[in-house]
J.: 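My questions all concern the structure below.
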Amino acid sequence: MENEHKVMDDIVEVGRRIYMNGFVAANDGNISVRVGDDEIITTPTGVSKGFLTPDMLVKVNMDGQRISGNLKPSSEIKMHIEVYKQRSDVRAVVHAHPITATGFAVAGIPLEKCVLPEVVLSLGSIPIAKYGTPSTMELPEAINEFLPTCDAVLLANHGALTVGVDVFSAYYKMETLEHFAKISLVARELGGERLLTYEDVDKLMEVRRKLNITGKNRGCMECSKSD
Ligand SMILES: [Zn+2]
């Protein structure tokens, strides 16, 4: 199918970008796109995402069983399937270990503060899901509670997960997340972030509605804490 060829090319391109940006090392990370009710195209396990070719990709069903392709599907496919089960609006999932965002996840510091308008508009506050052993059901269980309200989640002692309506949208959220983490780190080195005011955040939420931004966004945790 022409559409699936395009999807595969896009996955290969996003794989190259997450590798070239240093969002993964060696064979880390995985990418998937839901192409049907019971069909997901995923990256294989044990291959660097920087050197993918379309023929390496694998198609699985919603139980994670391989439908086509020669290689073994990603060992994290269970985590991707959990996303697709909960979120019919999501068509793509990217999992990577970008250094700064993962540093926050390792330090146990969520990226919940409202400091950058772009991030408030697109992702809102970014929580940390508790640690789960990779490739087991612990990871899907750990992200479960955040999926209804988040398009980006940090994974404790592991990395990050972003979702979107297509693979580029999920990938761009990973870029935004890592960029936000880097800026937050620099601001902390310089004495700490100055937060947007509640009024600023309210105005941004209004802009979000006007722009019809449909991604999930759980708003500001700082503001809601103070309610
Ligand atoms: Zn990982």
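Just follow the structure's listing: the first ligand is 1, and inside any ligand the first atom is 1. The residues of the chain are indexed from 1 along the displayed sequence.
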J.: Please give me the minimum heavy-atom distance between Val93 and Val90, naming the atom from each residue.
T.: CG2-CG1, 4.3 Å
J.: Does any pair with a residue in residues 76-100 pass ring pair (Phe, Tyr, Trp, His ring centres under 6.0 Å), and if so which ones, sequence neighbours excluded?
T.: His95-His97, His95-His158, His97-His158
J.: Which pairs with one or both residues in residues 55-77 pass ring pair (Phe, Tyr, Trp, His ring centres under 6.0 Å), sequence neighbours excluded?
T.: none
J.: Give every protein N, O or S atom lying under 2.8 Å from the Zn ion (ligand 1), naming each by residue and atom.
T.: His95 NE2, His97 NE2, His158 NE2
J.: Taking the side chain as every heavy atom from C-beta outward, state whether Val58 and Thr45 have any pair of such atoms under 4.5 Å apart.
T.: no
J.: If you round to the nearest 0.5 Å, how far is OG1 of Thr43 from CG of Leu71?
T.: 10.5 Å
J.: Considering only residues two or more places apart or on different chains, which pairs with a residue in residues 184-193 satisfy side-chain hydrogen bond (donor to acceptor under 3.5 Å, both in side chains)?
T.: Arg188-Glu193
